[in-house]
Structure formats: structure tokens, C-alpha cells
Novice: 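Okay, handing you the structure first.
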There are 2 protein chains.
Amino acid sequence: MPEAASPSSRRPPRARYRELTLREIKDLAWEQVAEGGGAALSLNSIARRMGVTGPALYRYFANRDALLTDLVCEGYRGLAEAVDVAVPERGEAAPELRLRAFVQAMWTWSTEMPHRYLLLFGAPVPGYAAPEDTFEQAFRPMAVLFDVLAELPAGPAETSAVSGGRLRDQLAGWVADRGGAPVPPEVALRAVRCWTRLHGLISLALVGQFTATGVDPEAVLRVELDALLAGH
Amino acid sequence: MPEAASPSSRRPPRARYRELTLREIKDLAWEQVAEGGGAALSLNSIARRMGVTGPALYRYFANRDALLTDLVCEGYRGLAEAVDVAVPERGEAAPELRLRAFVQAMWTWSTEMPHRYLLLFGAPVPGYAAPEDTFEQAFRPMAVLFDVLAELPAGPAETSAVSGGRLRDQLAGWVADRGGAPVPPEVALRAVRCWTRLHGLISLALVGQFTATGVDPEAVLRVELDALLAGH
DNA sequence: TTCTCTAGTTATAGGTTCTAACTAAGGTGA
DNA sequence: TCACCTTAGTTAGAACCTATAACTAGAGAA
């Protein structure tokens with residue numbers, strides 16, 4: 001009996017066919033998300049484009065939400081891999097360059113398919129349906145950010161903010177829960193601040209809040225990145 | 001003939017009734033948005049709750065998108081008014097307190113109805129086109145932020161970033177287009193950075209990205225606000 | 001009183017998700 | 001080889017949704 005996690009080749013034909021069909025469904029689903037966002041996703045229209053009837057897809061996904069959940073998880077995985085590929089390992093590049101690479105990777109990944117980013121970070125997470133693997137994948141870019149920021153000198157704001165108090169405990173509890181390399185709370189706070197700033201700029205740019213202003217969000221991003229590198 | 005913009009009282013009964021009905025529709029629509037977001041808005045279910053049949057509502061809104069657009073515009077106006085009320089005028093309070101009031105007003109307004117904030121600044125609803133009045137309303141909180149930040153000393157990042165170059169021109173063009181009091185590009189850049197940071201924190205908190213971490217977003221907000229006040 | 005305009009009605013078309021019950025065909029074991 | 005079982009896909013249909021067309025009843029105005 002072959003392994004459950006093997007690729008679509010070298011499997012019994014039934015399972016192989018099933019994997020190919022799943023892939024086709026999700027590819028078409030991504031197409032729909034790409035042009036109209038999660039709201040535009042329609043099982044019926046995917047079925048039509050595949051040349052089958054609507055109810056056939058319920059053999060592959062329990063309902064529309066299940067497909068959406070699967071896409072979200074795949075999205076997180078894709079983002080994590082893009083970040084992993086783009087950011088050099090420790091020692092392979094200067095810390096400043098690693099942070100620049102991280103920010104650039106996030107920006108590129110989100111702008112090349114705006115609705116994909118918004119699907120992950122723009123709508124309330126259902127919570128009831130999110131499998132544990134999703135949280136795992138979603139955390140991976142943050143772990144990279146921890147690793148990058150640990151090499152950069154901490155700013156004055158972090159060190160004073162986490163000197164005792166509830167925030168320090170919350171940050172410590174968070175990184176402890178996630179396991180992996182130990183991360184000091186200063187670094188965790190720095191990472192959260194970096195992440196939220198990046199998200200603010202990216203998401204406002206993606207939904208078009210900058211277009212009417214004529215201001216280039218990427219230029220603002222450069223200013224923010226420089227501030228981050230200056231320890232602020 | 002009475003004025004077109006008069007309130008619902010003191011108008012011919014036909015027009016008065018129409019305004020009351022419009023109000024009732026929008027109130028119920030906000031209720032639906034509050035619990036399920038823009039995607040959960042249903043003309044049919046609003047009609048049911050009003051005790052009329054579905055098609056009756058098409059006398060008041062051309063289609064579902066028209067109602068959504070109206071809500072968005074109303075949302076921007078509400079946010080602008082909340083900010084106007086919360087932030088003291090120049091001279092009535094110290095600049096630091098005015099910025100704190102602004103941030104607090106934004107945070108309160110967004111968290112008291114998360115889906116309302118997300119309707120304005122989250123993923124765009126397919127088919128939505130903002131009328132000119134919306135831009136006007138949407139800019140009002142930013143104008144307040146200009147006014148507040150103009151009183152605070154500019155940080156080093158802004159002054160160097162806008163020393164010539166495209167960004168300076170873009171910022172100058174933007175504030176010139178919007179009219180009102182003249183705003184130096186340093187202040188405009190500072191406002192954009194403040195706005196995007198605030199949005200990043202608020203929106204990630206609203207969609208629940210903080211819940212799994214156990215970190216209190218409001219504590220992070222305080223750190224960011226302190227950094228802003230320190231000129232960073 | 002009569003006329004007109006409007007808010008609501010019903011009927012209907014076409015879209016969606018999703019369930020139930022049936023059919024056809026491929027894979028498996030005796 | 002044959003029978004069985006599992007699975008993918010089918011049709012039919014319920015319960016929603018948006019939206020349009022055509023009709024009706026009643027309020028306001030001439």
C-alpha cells in the first residue's frame with residue numbers, strides 16, 4: 001500500500017484521478033478568487049467550466065466553505081514558501097538585506113494577486129473551520145521575521161515596552177506556544193509592529209485607497225522600511 | 001415647495017414617508033452588516049423583516065449594490081463625525097493629547113462594529129463604485145490628522161524622505177487637490193504613515209489575527225502611539 | 001370628482017448552495 | 001471469470017437569492 005502523502009504519480013489510479021480533479025477544482029477556484037475575490041467563488045460555475053454538473057463537486061468538498069478553507073490554507077503555505085525562498089539564511093547576507101528581502105517578498109506576493117492576500121488577511125477568520133495546519137502555515141513567515149529581527153539591534157521602544165507588564169507575558173506566551181527557537185519578547189514585539197505596519201500599507205494599497213491620492217504606496221513602504229532599519 | 005435637504009419632519013407626507021422607509025431599510029441593513037459583513041446583506045430578508053415583499057425595496061434602491069454604496073458613504077460620514085467630535089480643536093488641548101484622542105477615536109469606532117470598518121477599508125465588494133461625495137467624506141479624518149500632526153515636530157525620516165523626488169510631488173499634489181488648509185509634504189507623509197500603521201493594527205485585530213496569539217492589540221497600539229509621539 | 005403618480009403586489013426568470021436518490025463504471029476479491 | 005462493492009457523476013428538487021414586468025390599490029392634486 002503506498003503512502004498517503006505521496007504525489008499524484010505512483011498511486012492507485014482511483015486516488016490519482018481524485019488528486020488531479022482536486023487540483024483542477026482548486027486551480028479554477030483560484031482563478032475566480034483572483035478576479036473577484038472570495039465572494040465571487042461559485043461551485044456551480046467551476047463545475048460548468050470543468051464540464052460536469054454542480055453536485056459532482058460535492059464529492060470533493062463538503063460545501064463552499066470547505067473549498068474556501070482549503071484555498072486559505074494553500075494561500076498561507078504559498079506565502080510561507082515565497083518568504084522562505086526570498087529571505088537568505090543567517091550568515092548568507094547582512095541583516096539589513098534580509099529584512100529588505102522579507103519586505104520585498106511580502107509586497108510582491110500580495111500585489112501579484114491582491115485578492116489572494118485579502119482572502120487570508122482581509123476577512124474575519126471563521127475559527128470554527130480553520131484546521132490546525134492553517135495556523136501552522138500562517139505562522140511560518142512570522143518565524144522568519146523573528147529570525148531576521150533577532151540579528152538587528154532592538155530599538156528603545158521595544159525594550160522599555162516589554163520591561164515587565166502584561167504585554168511581555170503575552171508575547172512570551174505566544175512564542176513559547178509556537179515552539180521553535182527561543183525568541184526574546186523584544187524581538188517578538190518588534191516583529192508584530194513590523195508585521196502590522198507592513199499589513200497596513202499593503203492592504204490599503206490593495207483595496208485601492210491610494211489610487212485616488214496619486215501617492216505611490218511603494219515609496220511610502222521604502223520610508224517605513226528605512227525607519228524600521230533605523231530601529232524605529 | 002420645501003427644501004430638498006430638509007429632515008423628515010415638515011415635508012409633504014409622501015416624501016416624509018419615503019425618508020422614514022429609507023431609514024428603516026438602512027437600519028436593518030446595518031444590522032445585517034454588523035453580524036455578517038457586507039456579504040450577508042440581503043434585500044429579501046430586509047423586506048421580510050419589514051413585513052413587505054422583496055421587490056418592494058427596488059422602489060428605494062436600484063439594486064443591492066446601490067444599498068451597499070449608500071451604507072459605505074454613510075459609514076465614512078459616521079467615522080468623520082466620530083473623529084471630529086473626539087479630537088479637540090487646536091489650542092484646546094496639547095498636540096500629544098489630540099493625537100491620542102484621534103487614535104482612540106479610530107480604535108473605538110472600528111471595534112464597536114468591526115464589519116462596518118471592514119466594509120469601508122477591507123476587501124472591495126465586487127461591483128461597487130464610490131460616488132464623489134464618498135471621497136469627500138473619506139478624506140475628512142485625514143484632514144483632522146493633518147491638522148493634529150502639523151502641531152507636532154516632524155521626525156527625521158519625513159524631512160529626508162521628502163527632500164525632492166517623486167514622493168514629495170505626489171504628496172504635494174494630493175493635498176493640493178483636496179484643497180483646505182495648506183499642508184507641507186512632511187506632514188502629509190507623517191499622516192500617511194500614521195494612518196497605515198493604525199489601519200494595519202486595527203484591521204488585523206478586527207479579523208481576529210491576534211486572537212490565536214493571546215497578544216492584546218491595544219497594548220501594541222499604545223507602543224506604536226508612543227513611537228509616533230517620539231517622532232518615529 | 002377625476003386623474004395621476006406611487007408603493008406595494010404577484011408572477012416569473014435565472015442564479016446560487018446543497019440534499020436525495022439513482023446510474024454507470026472501475027477496481028477487488030472469490 | 002464473475003460477482004460485489006465503492007465511487008464519480010447524473011437528475012430532480014428544495015430553499016434561498018437578485019432582479020424585472022405587469023398589475024392593483026390608494027393617496028394627493030387639479
Side-chain angles (χ1 to χ4, degrees), chain A residues 1-2 4 6 8-26 28-29 31-33 35-71 123 126 128-129, chain B residues 1-2 4 6 8-26 28-29 31-33 35-72 125-129:
Chain A
M1 217 184 228
S6 75
S8 63
S9 57
R10 275 280 155 214
R11 299 202 59 186
R14 222 65 175 282
R16 181 180 146 79
Y17 175 76
R18 188 174 179 83
E19 278 179 20
L20 289 174
T21 309
L22 275 168
R23 190 65 263 157
E24 189 182 359
I25 295 172
K26 290 201 266 181
L28 290 169
E31 263 183 55
Q32 295 195 340
V33 168
E35 36 188 84
L41 186 74
S42 159
L43 286 179
N44 249 331
S45 96
I46 291 175
R48 250 194 321 274
R49 294 187 56 183
M50 289 175 66
V52 298
T53 60
L57 297 197
Y58 288 84
R59 298 274 173 207
Y60 299 89
F61 292 95
N63 50 41
R64 188 178 173 279
D65 269 350
L67 172 55
L68 223 32
T69 303
D70 204 317
L71 292 186
Y128 56 87
Chain B
M1 217 184 231
S6 75
S8 62
S9 57
R10 275 281 154 217
R11 300 201 60 186
R14 228 45 176 298
R16 180 180 146 77
Y17 177 75
R18 189 175 179 81
E19 277 179 21
L20 288 174
T21 309
L22 275 169
R23 190 64 263 156
E24 188 182 0
I25 295 172
K26 289 202 266 182
L28 289 170
E31 263 183 56
Q32 295 196 340
V33 168
E35 37 189 83
L41 186 73
S42 157
L43 287 179
N44 250 327
S45 94
I46 291 174
R48 247 193 327 271
R49 293 188 57 182
M50 290 176 66
V52 298
T53 59
L57 297 197
Y58 288 84
R59 298 273 172 208
Y60 298 89
F61 293 96
N63 51 40
R64 188 177 172 279
D65 273 346
L67 172 56
L68 220 33
T69 302
D70 204 316
L71 292 186
V72 168
V125 185
Y128 163 76

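In what follows, chains are A, B, ... by sequence order, proteins preceding strands, each numbered from 1.
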Novice: Measure CG/B:L41 against P/D:dT18 and give the value in whole Å, please.
Specialist: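 Rounded to whole Å, this separation is 8 Å.
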Novice: Rounded to the nearest 0.5 Å, what's the gap from CG on B:L28 to CG on B:L43? Could you check?
Specialist: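 The distance works out to 11.5 Å.
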Novice: Specify the separation, in whole Å, of atom CD of A:Q32 and atom P of C:dG15.
Specialist: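 Result: 15 Å.
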Novice: Which nucleotide sits closest to the side chain of A:R14: D:dT7, C:dT19, D:dA8?
Specialist: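 Output: D:dT7.
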Novice: Measure the distance from CZ on B:R64 to P on C:dG14 and round it to the nearest whole Å.
Specialist: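 Rounded to whole Å, this separation is 22 Å.
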Novice: Looking only at the side chain of A:S42 (C-beta and beyond, no hydrogens), which of the listed nucleotides D:dA8, C:dC18, C:dT16 gets closest?
Specialist: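 Between D:dA8, C:dC18, C:dT16, the one nearest the side chain of A:S42 would be C:dT16.
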Novice: Once you apply a heavy-atom cut-off of 4.0 Å, does A:Y60 come out as touching a base, just sugar-phosphate, or nothing?
Specialist: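 Contact class for A:Y60: sugar-phosphate only.
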Novice: Begin with the C-alpha distance, continue with both residues' side-chain angles, and end with the deciding distance and a verdict on side chain to side chain contact (heavy atoms under 4.5 Å, CB included) for A:T69 and A:F61.
Specialist: CA-CA 10 Å; A:T69 303; A:F61 292 95; over 6 Å; no
Novice: At under 4.0 Å, does any side-chain N or O of B:Y17 touch on OP1 or OP2 of C:dT6?
Specialist: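 For C:dT6, OP1/OP2 do not have a side-chain N/O of B:Y17 under 4.0 Å.
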Novice: Under a 3.5 Å distance rule, please check whether A:R64 uses its side chain to pair with a backbone N or O of A:L41 as donor and acceptor.
Specialist: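 Flag set: sc A:R64 to bb A:L41 pair under 3.5 Å.
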Novice: Working note: A:I46 + A:L67, criterion side chain to side chain contact (heavy atoms under 4.5 Å, CB included); need CA distance, chi angles, decisive distance, verdict.
Specialist: CA-CA 11 Å; A:I46 291 175; A:L67 172 55; 4.0 Å; yes
Novice: Distance check needed: C:dG8 P versus B:L22 CG, whole Å only.
Specialist: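 Taking atom P of C:dG8 as the reference, CG of B:L22 is at 10 Å.
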Novice: Taking atom P of C:dA7 as reference, at what distance in whole Å does atom CD1 of B:I25 sit?
Specialist: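 That distance rounds to 11 Å.
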Novice: Between B:Q32 (side chain only) and B:S42 (backbone N and O only), is there a donor and an acceptor less than 3.5 Å apart?
Specialist: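 Such a contact is found between B:Q32 side chain and B:S42 backbone.
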Novice: For B:L57 and D:dA19, give me the distance from atom CG to atom C1', rounded to whole Å.
Specialist: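 In whole Å, D:dA19 C1' lies 12 Å from B:L57 CG.
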Novice: Measure from CZ on B:R18 to P on C:dC5 and round the result to the nearest Å.
Specialist: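 For the pair B:R18 CZ and C:dC5 P, the rounded distance is 15 Å.
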Novice: Output the rounded distance in Å from CG (B:L43) to P (C:dG8).
Specialist: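 Computing the B:L43:CG to C:dG8:P distance gives 14 Å.
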Novice: Considering only side-chain heavy atoms of B:Y58, which listed nucleotide, D:dT20, C:dA7, D:dG9, is closest?
Specialist: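 Per side-chain heavy atoms of B:Y58, the pick is D:dT20.
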Novice: Atom CZ in B:R49, atom CD in B:E31: separation rounded to 0.5 Å?
Specialist: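 Here the interatomic distance stands at 4.5 Å.
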Novice: Would you call B:L57 and B:M50 a side-chain contact if the rule is heavy atoms closer than 4.5 Å?
Specialist: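 Of all side-chain heavy-atom pairs linking B:M50 with B:L57, at least one is under 4.5 Å.
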Novice: Which of the following nucleotides, C:dG8, D:dT20, C:dC18, is nearest to the side chain of A:N63?
Specialist: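 Output: C:dC18.
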Novice: With the threshold set at under 4.0 Å for non-hydrogen atoms, list the residues of residues 44-55 of chain B touching DNA chain C in residue-number order.
Specialist: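 When residues 44-55 of chain B is checked for heavy atoms under 4.0 Å from DNA chain C, the hits, listed by number, are B:V52, B:T53, B:P55.
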